[in-house]
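Report on the structure given below.
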Amino acid sequence: MEEVSVEKQSEYLSALLVPLCQQVNILLANAALQDPVESAAKVARLQRVISAINSLSKGFGERLTTTSRPAVGIMFKQTLDVLLQVPLAFPNNKLLRSKVISFLHRMVETLGTAVFPYLPRAMEQLLVESEAKEMADFLVLVNQLICKFKAAMTGILEEVFPFIASRVFAILPKDGIPSGPCSNTEEIRELQELQKTFFNFLHATTSYELSAIFLVPKNSGYLKEIIQLLISAACSHKDILVRKSCVQVFIKLIKNWCTMPNEDEKVPGFRSFIIENFAVSCCFYSVLDNTFELRDAHTYSLFGEIVVAQKVIYEKCGDDFLLHLARNIFPAIQCPKDVAEKYCLDLKLCDVKDLKSIYKSLVERIRMQQNGSMAFR
């Protein structure tokens, strides 16, 4: 595109964008006062206009709009200002919300960090009255932002996280998503997709060292619900890849938040929770369950992450973890004392690769000893 002069390119782009934005403004005028038939017609026209703008933006990249030809970037920012009025005028229209989210995806790639000033307002507007599918679409956008901008997203995430968490936990059933033969409905599938996308959000946040956003005062109130959702999924979610992702989130949180006994706790109670709950439920009981199929490739990959988690817990919590193993976990699973002592030593001295093989042998031995029963649970 740079073979076209700046003046000509700006002229051509303006000739397309300005009339389209004018159409949007006309269609938004008195939107709340329209009768249903008129409103439906305007919604259909708005969808077509937003799709046209979205298609037009695909010809422009971040370097061109922010460095070589910033005037082009200014025009797209003005267009974004206009389109962000759409969710306010039609807060309950799922199709228009989806179109605006799609356009934001494009602006992330087109404008780069220049899109930042628009994000808090855009995110709040798109979260209003959002249901499971729209919320999942919104989280895909947030995940794209995290993966692209990493630590630069810290301030924005701190600001919008309460809106994200409150909406997600308002939509997801408190007693878990129903399963079984009667749960194969569109509504349940949308809830499952939202939950999975929320786990992806937590994974992206911790992977890019952004977990501190959970600890700021206005966000920390959601931490208990997040941890409970993660521990439940890490131990028993039917999708093994989701379980693996949740274990990886815990690994990052353990590295970031757990402290040695002589150090002040970053997150009061988190260290005890990891030793007494996560290690027990996820690292031992869930693996010893005979539904945990070690011959399955995905399950064995999850098994590897669980071994990594044990190693990280020891590195961060030291002998307190080993004492809990010896005094509580191993007696509960009826592991012979000499075998338990050897595993604690291996956990201290072996690398992850060797420990994985050692732990697999231990699991198989205890399963045989229990004859497939989980009576100790």
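Owing to the predicted nature of the structure, the values given are computational and were not obtained by experimental measurement. Residue numbers start at 1 and run along the sequence shown.
- Side-chain N or O atoms of Ser14 include none that pairs as donor or acceptor with a backbone N or O of Glu11 at under 3.5 Å.
- Here the side chain of Lys266 pairs a donor or acceptor atom with the backbone of Asn256 at under 3.5 angstrom.
- You'll find the ring centres of Phe278 and Phe273 outside the 6.0 Å limit.
- Remark: side-chain polar atoms of Glu131 are not paired, donor with acceptor, to backbone N or O of Lys133 under 3.5 angstrom.
- With Tyr300 as the aromatic partner, Lys356 meets the cation-pi criteria of under 6.0 angstrom to the ring centre and within 45 degrees of the ring axis.
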- Step by step, would you call Leu229 with Glu225 a side chain to side chain contact (heavy atoms under 4.5 Å, CB included)? CA-CA 6 Å; Leu229 190 66; Glu225 284 180 282; over 6 Å; no

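- Between Arg271 and Asp320 there is a salt bridge, since a side-chain N of the basic residue sits under 4.0 Å from a carboxylate O of the acidic one.
- Side-chain contact between Lys77 and Asp81: absent, with no pair of heavy atoms (C-beta onward) separated by less than 4.5 Å.
- Using modelled atom types, one finds no donor on one side chain facing an acceptor on the other under 3.5 Å when comparing Gln85 with Gln125.
- Between Lys148 and Glu62 there is a salt bridge, since a side-chain N of the basic residue sits under 4.0 Å from a carboxylate O of the acidic one.
- Contact record, Tyr285 with Ala332: OH-CB, 3.4 Å, taken as the closest heavy-atom pair.
- For the pair Leu46/Gln23, no side-chain contact is recorded, criterion being any heavy-atom separation below 4.5 Å from C-beta on.
- If you take CD1 on Ile26 and NZ on Lys42, they are separated by 9.0 Å, rounding to the nearest 0.5 Å.
- A parallel orientation is assigned to the rings of Phe201 and Phe161, their planes being inclined by less than 30° (bins at 30° and 60°).
- Side chain of Ser102 to main chain of Ser98: no donor-acceptor pair is present (N/O by atom type, distance under 3.5 Å, no hydrogens or angles).
- Considering only heavy atoms from C-beta on, Thr205 stays 4.5 Å or farther from Leu202 through its side chain.
- Salt bridge Lys342/Asp346: present, at least one basic N to carboxylate O contact under 4.0 Å.
- A salt bridge is absent between Lys218 and Glu158; no separation between the charged side-chain nitrogens and carboxylate oxygens falls under 4.0 Å.
- We find the CD1-CE distance between Ile156 and Met123 to be 6.5 Å, quoted to the nearest 0.5 Å.
- Of all the heavy atoms in Leu302 and Val247, the pair that sits closest is CD1-CG2, 3.9 Å.
- Between the side chain of Lys224 and the main chain of Gly221, no donor-acceptor pair closer than 3.5 Å is present.
- No hydrogens or angles considered: nothing links the side chains of Ser211 and Lys252 as a donor-acceptor pair under 3.5 Å.
- The residues Lys94 and Asp137 are annotated as not salt-bridged, no charged nitrogen and carboxylate oxygen being separated by less than 4.0 angstrom.
- Side-chain atoms of Arg63 never come within 3.5 Å of backbone atoms of Ser68 as a donor-acceptor pair (strictly under, hydrogens ignored).
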- Message: The test is side chain to side chain contact (heavy atoms under 4.5 Å, CB included); show your working for Phe214 and Val267 and say whether it passes.
- Response: CA-CA 10 Å; Phe214 303 135; Val267 183; over 6 Å; no

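- Under the 4.5 Å side-chain criterion, counting only non-hydrogen atoms from C-beta, Phe270 is in contact with Leu253.
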Solution key, residues 162-176 side-chain donor-acceptor pairs under 3.5 Å, sequence neighbours excluded:
{"unit_1": "Ser166", "atom_1": "OG", "unit_2": "Pro162", "atom_2": "O", "d": "2.8"}
{"unit_1": "Ser166", "atom_1": "OG", "unit_2": "Phe163", "atom_2": "O", "d": "3.2"}
{"unit_1": "Arg167", "atom_1": "NE", "unit_2": "Ser130", "atom_2": "O", "d": "2.8"}
{"unit_1": "Arg167", "atom_1": "NH2", "unit_2": "Ser130", "atom_2": "O", "d": "2.7"}

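- With Phe199 as the fixed residue, the side chain to side chain contact (heavy atoms under 4.5 Å, CB included) test singles out one of Asp239, Leu230, Val249: Leu230.
- Side chain to side chain, Arg189 and Asn184 meet the donor-acceptor criterion of an N or O pair below 3.5 Å.
- The backbone N or O of Met75 lies less than 3.5 Å from a partner atom in the side chain of Thr79, making a donor-acceptor pair.
- Contact annotation: the side chain of Gln144 approaches that of Glu109 to within less than 4.5 Å [non-hydrogen atoms, C-beta and beyond].
- If you check the side chains of Glu276 and His324, you find no donor sitting under 3.5 Å from an acceptor.
- Here Glu364 does not pair with Arg367 in a salt bridge; the nearest charged N to carboxylate O distance is not below 4.0 Å.
- With a 4.5 Å cut-off on side-chain heavy atoms, Tyr343 and Gln310 count as touching.
- Residues Gln195 and His237 form a side-chain contact, since some pair of their non-hydrogen atoms from C-beta on lies under 4.5 Å apart.
- Lys316 places no side-chain N or O within 3.5 Å of a backbone atom of Met260 that could act as its donor or acceptor partner.
- Taking Asn200 as the reference, nothing meets the side chain to side chain donor-acceptor pair (under 3.5 Å) condition, with sequence neighbours excluded.
- Side chain to side chain, Glu7 and Tyr12 fail the donor-acceptor criterion of an N or O pair below 3.5 Å.
- Not a single donor-acceptor pair under 3.5 Å links the side chain of Ser301 to the backbone N or O of Ala297.
- Summarising the geometry, atom SG belonging to Cys235 is positioned 10.5 Å from atom CZ belonging to Phe292; distances are rounded to the nearest 0.5 Å.
- The backbone N or O of Asp354 lies less than 3.5 Å from no partner atom in the side chain of Ser357, so there is not a single donor-acceptor pair.
- Contact detail for Ser51 and Lys99: the closest heavy-atom pair is OG-NZ, 2.8 Å.
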- Message: One pair to check against side chain to side chain contact (heavy atoms under 4.5 Å, CB included): Phe138 and Leu104. What are the steps and the verdict?
- Response: CA-CA 10 Å; Phe138 174 81; Leu104 266 173; over 6 Å; no

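- The aromatic rings of Tyr359 and Phe303 sit parallel to each other, their planes meeting at less than 30°, with 60° as the upper class boundary.
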